[in-house]
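Remember, it's 1-based here, ligands and their atoms both numbered in the order they're listed. Side-chain atoms are counted along with the backbone in the values below, which use heavy atoms only and exclude waters and symmetry mates.
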Amino acid sequence: MTTNRVRKGVIRGRMAASGESYVVAARRMAVPRGAKAPDARTAAALRTRYWEPAESFDVPCPCGGTCAPGERCERCHATCRHAARVPGSRVDVEVWRDRYDCTGCANTYSFEVTLPDRPWGVVRTVPQRGGREPIVRVEVFEGVDHPDPPR
Ligand SMILES: [Zn+2]
Ligand SMILES: [Zn+2]
């Protein structure tokens, strides 16, 4: 049951990211009756957003192996680990922000990455009447939590 395992992983990642209980996170993940199942791009964005950091450096990073290796901590010289990924821009749907946590102390750092294959949303151009300039609207995929969402 790969699908179920992926779903559980997404739910656990959501719990870790939001502090919700499993039940709450699972309910929020549930697709409302009559709603469309998430499309492939939304599912990919959810997998990119919600995952748990790897237990050890021997396994590939659960983010999908799209991150840079963690740097060595300047303070304690332990290796930093990819810990979270959130949308990192309000206009560029391919930009994510990766956070790295030191495995030896409380040190943390983050930087932006561009993932063209894994956008967190979609850019729509809405035509306007009367020859006015079309409005460009950025929409976050359903269920993807954006720390500073576009309006
Ligand atoms: Zn990673
Ligand atoms: Zn450290």
Task: Vertex the Zn ion (ligand 2), rays to SG in Cys105 and SG in Cys102 - rounded to 10° - done: 110°
Task: Candidate pair Thr48 and Arg118, rule side chain to side chain donor-acceptor pair (under 3.5 Å), full reasoning - done: CA-CA 7 Å; Thr48 304; Arg118 296 176 177 228; 3.0 Å; yes
Open item on the list: At less than 2.8 Å, would any N/O/S atom of Cys73, backbone or side chain, sit next to the Zn ion (ligand 2)?
Closed with: yes
Task: pair Val86-Arg97: side-chain heavy atoms closer than 4.5 Å - done: yes
Open item on the list: For a distance under 2.8 Å, give residue and atom name for each protein N, O or S atom next to the Zn ion (ligand 1).
Closed with: Cys61 SG, Cys63 SG, Cys67 SG, His82 ND1
Open item on the list: Please determine whether a side-chain nitrogen of the Lys or Arg among Asp98 and Arg85 lies less than 4.0 Å from a carboxylate oxygen of the Asp or Glu.
Closed with: yes
- [ ] Starting at SG of Cys61, measure out to CZ of Arg81 and round the result to the nearest 0.5 Å.
- [x] 9.0 Å
Task: Arg72 (side chain) donor-acceptor with His77 (main chain) under 3.5 angstrom - done: yes
Open item on the list: Would Trp120 and Arg49 count as a side chain to side chain contact (heavy atoms under 4.5 Å, CB included) here? Give the steps.
Closed with: CA-CA 8 Å; Trp120 47 257; Arg49 172 70 182 82; over 6 Å; no
TODO: Output, in order, the C-alpha distance, side-chain angles, deciding distance and verdict of side chain to side chain contact (heavy atoms under 4.5 Å, CB included) for Asn107 and Tyr109.
DONE: CA-CA 7 Å; Asn107 206 3; Tyr109 64 93; over 6 Å; no
Open item on the list: Distance check below 2.8 Å: does Cys80 bring an N, O or S atom to the Zn ion (ligand 2)?
Closed with: no
